[in-house]
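Structure first, commentary second.
Letters A, B, ... mirror the listed sequences (proteins, then strands); counts begin at 1. A quick note: this is a predicted structure, and the numbers were derived from the prediction, not measured.
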Amino acid sequence: MGLGIFEFIYSQLIEFFGYTSFAHVDWRHLVMICVGLFFISLAIVKHFEPLLLIPIGFGILLGNIPFDLSANLNIGIYEEGSVLNMLYQGVERGFYPPLIFLGIGAMTDFSSLLSKPKLVLLGAAAQFGIFAAYSSALFLGFAPEEAGAIAIIGGADGPTAIFLSSKLAPEFIGPIAIAAYSYMALVPVIQPPVMRLLTTPKERLIRMKPPRAVPKQEKILFPIAGLLLTTFIMPTSLPLLGMLFFGNLLKESGVTNRLAETARSSLIDIVTIFLGLTVGASTQGDVFITPDSMLIFGLGAASFVIATFSGVLFAKLMNLFASEGNKINPLIGNAGVSAVPDSARVSQHVGLEYDKTNHLLMHAMAANVSGVIGSAIAAGILLSFLT
Amino acid sequence: MGLGIFEFIYSQLIEFFGYTSFAHVDWRHLVMICVGLFFISLAIVKHFEPLLLIPIGFGILLGNIPFDLSANLNIGIYEEGSVLNMLYQGVERGFYPPLIFLGIGAMTDFSSLLSKPKLVLLGAAAQFGIFAAYSSALFLGFAPEEAGAIAIIGGADGPTAIFLSSKLAPEFIGPIAIAAYSYMALVPVIQPPVMRLLTTPKERLIRMKPPRAVPKQEKILFPIAGLLLTTFIMPTSLPLLGMLFFGNLLKESGVTNRLAETARSSLIDIVTIFLGLTVGASTQGDVFITPDSMLIFGLGAASFVIATFSGVLFAKLMNLFASEGNKINPLIGNAGVSAVPDSARVSQHVGLEYDKTNHLLMHAMAANVSGVIGSAIAAGILLSFLT
Amino acid sequence: MGLGIFEFIYSQLIEFFGYTSFAHVDWRHLVMICVGLFFISLAIVKHFEPLLLIPIGFGILLGNIPFDLSANLNIGIYEEGSVLNMLYQGVERGFYPPLIFLGIGAMTDFSSLLSKPKLVLLGAAAQFGIFAAYSSALFLGFAPEEAGAIAIIGGADGPTAIFLSSKLAPEFIGPIAIAAYSYMALVPVIQPPVMRLLTTPKERLIRMKPPRAVPKQEKILFPIAGLLLTTFIMPTSLPLLGMLFFGNLLKESGVTNRLAETARSSLIDIVTIFLGLTVGASTQGDVFITPDSMLIFGLGAASFVIATFSGVLFAKLMNLFASEGNKINPLIGNAGVSAVPDSARVSQHVGLEYDKTNHLLMHAMAANVSGVIGSAIAAGILLSFLT
Amino acid sequence: MNRFIFTALGLLLTANASATSSQEGVDFFVQNDPYGALMAILGMGIVFIVLLLLFLVFSVTPKFYQKEFKEWGSSLLSKKSKKEKYAIEKPVIPSVNSDLSGEVNAAIAAAIYLYQSEMHDYENTVLTISKVSRTYSPWSSKIYGLRKVPREHQ
Amino acid sequence: MNRFIFTALGLLLTANASATSSQEGVDFFVQNDPYGALMAILGMGIVFIVLLLLFLVFSVTPKFYQKEFKEWGSSLLSKKSKKEKYAIEKPVIPSVNSDLSGEVNAAIAAAIYLYQSEMHDYENTVLTISKVSRTYSPWSSKIYGLRKVPREHQ
Amino acid sequence: MNRFIFTALGLLLTANASATSSQEGVDFFVQNDPYGALMAILGMGIVFIVLLLLFLVFSVTPKFYQKEFKEWGSSLLSKKSKKEKYAIEKPVIPSVNSDLSGEVNAAIAAAIYLYQSEMHDYENTVLTISKVSRTYSPWSSKIYGLRKVPREHQ
Ligand code: NA
Ligand code: NA
Ligand code: NA
């Protein structure tokens with residue numbers, strides 16, 4: 001009987017072992033766990049986009065704790081009924097990105113753009129990274145819808161990327177979102193070399209006129225006129241731009257402060273937590289580590305570089321037509337890619353390296369917020385043409 | 001080949017044009033866009049109910065940017081899967097109104113009512129506007145359920161109107177909600193003439209005893225006893241009144257301040273943003289501008305006027321039975337319609353016109369919050385009888 | 001004709017009466033209403049867990065206002081489409097408990113545990129209450145899944161109990177949740193006698209070394225290592241522990257304060273309101289007052305007592321192997337059951353009775369938070385073995 | 001005639017009436033109430049009944065609780081809460097009887113000015129009003145005037 | 001050749017073009033745009049058109065509104081709001097023409113230092129920037145420097 | 001007998017065990033564990049294993065990180081963060097060794113008084129406790145005492 005008990009306990013331990021992650025783990029889970037740990041330490045040590053990298057990084061850990069899927073335990077992100085799956089619906093259905101845009105609208109001051117409307121064009125030029133990535137993705141054999149979803153990484157805007165890929169290529173949401181957020185965090189590493197390469201020493205010292213103070217009425221008018229102008233031409237950018245301008249009107253109207261405050265604090269925070277965590281958790285090693293994912297990462301990096309190129313070069317092009325005193329410092333061209341506000345900060349940093357009193361931040365912000373609008377329009381175009 | 005390219009670009013431009021709103025717009029969209037702009041400027045310039053009119057007004061803009069519905073782009077409020085449609089579920093299923101009532105309960109101080117319980121009857125009298133509108137709607141040919149949903153506009157309470165119409169006549173939610181919120185915003189315009197018409201100069205100078213300070217225990221008892229008394233008689237008012245009294249208990253219990261604080265800030269703000277935006281967006285010109293909508297607007301105006309009449313006249317009736325020194329200033333009768341707190345403010349304003357030291361606000365608030373309870377009960381009655 | 005009218009009104013009154021709660025109430029509703037009132041007064045007068053008892057108590061009132069179910073009014077918690085039913089989904093699908101754990105993680109300082117890791121074992125020992133209750137429930141004739149769900153009451157953790165019972169025995173969510181929360185509120189009544197019974201006067205005076213200050217790096221490491229260690233062995237505790245450690249990383253990382261702040265304020269408050277209210281409302285007298293419910297209550301009480309026993313006795317056992325100066329005051333053993341933070345406060349109170357300068361709170365908190373982790377693991381085990 | 005009224009009342013008070021199915025609600029009103037008169041009478045009747053009940057209960061409550069509730073409360077509560085009770089009730093009695101002093105009137109006027117000029121949403125007014133109501137017990141006015149208002153404005 | 005351009009433009013400006021069904025979108029691009037060149041041209045074109053429109057409108061707006069809008073506004077608004085208007089516009093004109101004084105430069109530097117050292121999320125930067133932008137009208141700088149920054153840090 | 005234990009341990013440590021389907025979980029326990037004894041042994045065993053692991057890891061961590069982690073950290077971090085590190089660690093060493101001074105005891109007593117008298121929810125206690133824990137490094141106590149408490153009360 002003593003033997004019977006031990007046989008029994010033995011079988012129990014086997015049974016128990018089958019429940020643990022050790023029975024299900026493979027190298028890809030471990031690789032992804034390392035990626036998650038890397039994201040978390042990047043956020044904590046280097047302070048790169050911590051509001052995104054901490055949730056995504058921890059989400060990667062959550063998503064890569066393997067278990068017995070056949071047991072119907074309802075705990076994995078791809079199992080219906082699990083809490084992660086419920087929260088993931090907001091990503092899969094493209095529900096979170098417009099809410100994030102609502103919050104961003106409620107916290108963004110468009111004064112810099114209103115003060116110098118011509119800088120808006122830098123935000124247009126940098127979208128070339130998107131369309132170059134679209135061509136490259138086609139060339140690498142992706143279907144047009146997939147190519148469109150991948151291309152949007154070049155928009156340097158996480159919510160836009162998630163929104164568009166949820167519509168065009170839901171199977172690629174994970175790698176596209178991870179690529180977009182990773183490169184957004186790495187903007188301070190990616191952009192400066194390109195900026196230095198394309199500018200002359202003289203150009204880097206160009207001083208721009210300080211922005212004027214923008215009266216309240218213009219700020220109120222902006223979200224209203226902005227909505228009508230952009231969405232009448234490209235109605236498919238409505239979900240993103242509609243919410244962005246709505247949030248901005250809540251902020252600027254002056255009579256709905258409490259709504260604006262909630263939109264830019266609790267609401268956006270809750271959505272950020274859920275979005276980051278589930279995007280991270282969607283990267284289960286066994287479905288995430290694929291050749292396609294690697295191609296997507298490569299295309300993403302290329303599109304960021306190309307977008308920076310186009311932004312800086314277009315600033316130089318605009319200078320050909322600008323009178324003396326109205327020249328644009330091409331070091332703000334990179335900010336057109338969006339990646340708010342990191343790319344604007346990069347402009348400021350690089351600018352200060354060459355002239356300690358030349359503050360480019362405000363001008364770069366104008367290009368920066370235009371880049372957000374520009375890539376939301378580009379997303380609308382891809383959605384229109386590829387649906 | 002050069003010709004080929006231009007032919008091609010030509011066909012592309014046609015294709016592109018088909019995607020823009022210009023290919024789909026008609027006069028009704030433009031009319032609604034003007035209405036939306038009017039609501040927004042009313043809120044900003046005149047400060048009429050901005051927390052409602054800004055989201056609704058901007059929502060009207062969003063909802064009237066037309067696009068190619070046949071393309072299944074999933075961006076319109078009536079297309080399943082769009083973010084606007086998801087947010088609209090809370091309106092369509094009557095989910096938001098109880099949450100708004102939760103927040104209102106958590107921010108309302110019922111002291112004024114507890115201090116002078118007899119003013120509660122003003123809140124009953126003003127509900128006559130609802131039933132008069134019901135008769136009128138029947139007379140104009142609406143079916144009983146539709147008539148019930150339309151009649152509730154006279155309750156002067158937006159969430160109640162949305163809740164009841166979502167249950168009785170979902171196809172009319174849009175016009176009913178817009179009518180209710182419009183007239184609530186216009187209370188300062190609609191009510192004063194009626195009040196002046198029905199009162200004598202002497203009546204307008206009646207001074208009422210200051211309200212007593214209400215002990216904490218009574219305030220705690222109120223939501224509990226209020227719930228049991230009202231919902232045992234009319235259980236169908238449970239979704240609204242249950243939440244209202246729950247919010248109030250969170251506030252008054254003194255031991256759940258953090259829950260009350262969240263209910264009356266983040267929670268109600270988030271719901272207000274979503275409710276306002278989607279109610280506005282549900283007014284797509286092509287489905288909204290109909291003869292029925294016009295009738296609904298007319299009935300709504302009439303019921304507001306009748307409700308004000310009944311409130312003021314009932315105050316005068318109560319005075320017939322009141323001893324000297326306990327008379328009610330009939331200028332607070334209008335506040336029984338609810339439209340919290342605008343109608344109470346109207347009482348205060350009109351009262352001050354005739355006597356600069358006679359503050360009617362506190363007394364009007366008692367009638368005002370009773371009006372909220374009264375119309376929630378009326379909604380319960382209509383729901384009971386017409387389901 | 002006069003008679004006709006009265007006959008008509010008579011029939012109307014009968015009709016109306018059929019709509020009121022008076023036509024549907026039975027003694028069980030009234031009993032439950034008294035229970036609800038008792039919970040509310042316990043919270044207000046005795047300050048026992050008011051954040052739980054006020055919503056649950058008021059929810060019990062809401063759930064026991066009876067009405068004509070056959071009328072399809074869509075107002076009851078068990079009727080699809082009602083607002084209560086929608087909010088109840090978060091309980092039924094086990095969606096709220098992980099969100100509560102997220103908030104708890106974001107507000108919990110694990111320093112006390114990190115400072116004295118060996119106290120973690122008290123949190124393990126107290127879980128014996130769970131498994132003893134499991135045996136007892138089997139003995140009383142419950143099926144294994146039901147027994148598992150009932151047993152988790154001994155974990156003294158409301159969200160864990162709701163989570164597990166939603167997975168194993170959804171039909172018992174109501175009584176299990178009510179039992180768990182009731183006994184958690186009654187911890188100051190249940191535990192002290194057991195603690196006095198099992199300890200000698202000398203033991204009660206043991207002084208423990210003050211906890212050391214824990215460096216920031218260790219605090220950051222804890223949620224990450226904690227996640228990997230616990231969920232690799234028991235992946236089914238992922239939904240609860242994953243969220244707990246995620247919330248804690250948001251708090252400790254130092255770079256995501258705004259997310260942590262939202263998680264521990266608006267987010268947890270909103271979920272607490274909804275969870276409490278709907279758990280309360282799910283106790284409709286006619287489905288709640290059953291012999292099974294009574295057995296569940298009995299088993300719950302027993303498991304709380306057994307858990308306290310095990311915690312205190314294990315502390316004494318650990319002292320057998322501890323050197324002088326490293327002894328544990330067994331008065332903190334009870335805190336291993338979790339019931340955060342009430343059981344830790346009980347340790348402090350009872351400790352002060354015997355020595356006015358011996359503060360056990362910090363040490364008890366270490367056992368307390370370990371108890372939370374311990375019962376989440378126990379829930380994972382039951383879920384694994386019984387699914 | 002009276003027979004019916006009494007039977008109806010009797011039925012209202014006893015609980016053995018078989019509840020009629022409300023499914024037929026709409027049909028019934030379609031046939032019997034083409035002008036909405038019945039709905040108006042029943043509706044206003046019920047609204048008045050419910051609110052009259054509220055009126056009656058909360059007219060009686062203050063008297064009731066000032067005797068019974070206090071005793072019950074004091075038997076339940078510890079000495080600590082006695083202090084609280086006084087803190088709550090002391091201001092009550094004088095403020096009920098006293099006329100509005102000039103000072104209080106000024107506080108009301110100021111509060112009203114505030115809400116006229118800048119407060120436009122539900123919460124603010126309600127809070128303003130609750131502040132006004134509290135200023136009737138004069139020594140609490142300063143706290144609310146100084147501490148609460150700025151926090152609500154943000 | 002020009003015929004096509006004009007016809008296309010004409011069609012863009014008149015509203016009677018029958019919108020083509022977009023269902024065929026993907027198929028179309030599969031067949032006609034294997035390298036993405038068409039998408040690039042059309043896409044960049046549309047992005048530039050939309051943002052050029054924004055540029056044009058908001059280049060014109062300030063001039064437009066400084067004449068018309070003000071009059072329309074002043075006819076609508078009461079005397080109270082006149083004060084506000086001045087408060088808003090006074091700082092505008094000098095700050096546009098004046099060069100950056102040393103003091104303002106210092107304020108910018110301080111703000112930038114702040115965001116470099118501790119602010120790492122979107123909101124903070126945006127707020128910092130909006131604060132910097134406001135410091136161009138010097139007398140508002142103190143308010144923002146002292147009151148807002150600590151509140152945003154928590 | 002030992003054979004089984006070692007084989008079991010071996011299987012636990014190697015990863016080639018075929019995971020048994022857990023679908024049969026309930027059936028298994030119905031047949032083999034009518035009194036719950038097996039569940040109790042396995043359950044308590046696993047709970048103890050997991051928490052023992054936590055205990056072991058976090059007993060070792062402090063020593064480990066005080067050597068290695070610091071060096072790794074200092075190689076990664078710039079000079080700016082050196083200051084931070086000192087700010088964090090200075091209070092650590094003295095507070096571990098020092099006995100509780102009277103001052104600290106008073107702080108604890110005050111904190112405990114606070115939570116006894118007015119704080120009744122999870123968060124407040126946890127926060128109180130975290131504040132108490134921080135007062136062990138005496139110079140931080142004032143900040144928490146003055147700045148945090150009022151904010152958490154609201
Ligand atoms: Na962009
Ligand atoms: Na009303
Ligand atoms: Na526990």
Please give me the minimum heavy-atom distance between F131(A) and M44(E), naming the atom from each residue. CD1-SD, 3.5 Å
Test item: L229(A) and V50(E) side chains (from C-beta on) under 4.5 Å apart, heavy atoms: no
Quick one: does V57(E)'s side chain get under 4.5 Å of F222(A)'s, heavy atoms only? no
Under a 4.5 Å heavy-atom cut-off, does chain A meet the side chain of Y35(E), its backbone, both or neither? backbone
Any chance you could lay out the side-chain contact (heavy atoms from CB on, under 4.5 Å) test for I233(A) and L53(E), step after step, and finish with the verdict? CA-CA 10 Å; I233(A) 296 181; L53(E) 256 172; 3.2 Å; yes
CD1 of I46(E) to OG1 of T230(A), rounded to nearest 0.5 Å, is 13.0 Å
Between A125(A), A378(A), S115(A), which residue shows the highest count of heavy-atom pairs closer than 4.5 Å to chain E? A125(A)
Counting only heavy atoms closer than 4.5 Å, note whether F110(A) contacts chain E via side chain, backbone, both or neither. neither
Are the side chains of L382(A) and M39(E) in contact, using a 4.5 Å heavy-atom criterion? yes
Please report the interatomic distance CG(L221(A)) to CZ(F58(E)), rounded to the nearest 0.5 Å. 5.0 Å
Among residues two or more places apart or on two chains, list those pairs meeting side-chain hydrogen bond (donor to acceptor under 3.5 Å, both in side chains) that have a residue in residues 364-380 of chain A. S343(A)-N368(A)
I need the minimum non-hydrogen distance between L121(A) and F48(E), along with the two atoms involved. O-CE2, 4.0 Å
Contact class of I49(E) relative to chain A, heavy atoms under 4.5 angstrom: side chain
Can you measure from CG (L54(E)) to CD1 (I373(A)) and round to the nearest 0.5 angstrom? 6.0 Å
Close side-chain approach of V120(A) to L52(E), heavy-atom, < 4.5 Å: no
Contacts of residues 134-143 of chain A with chain E (heavy atom under 4.5 Å): Y134(A), S135(A), L138(A)
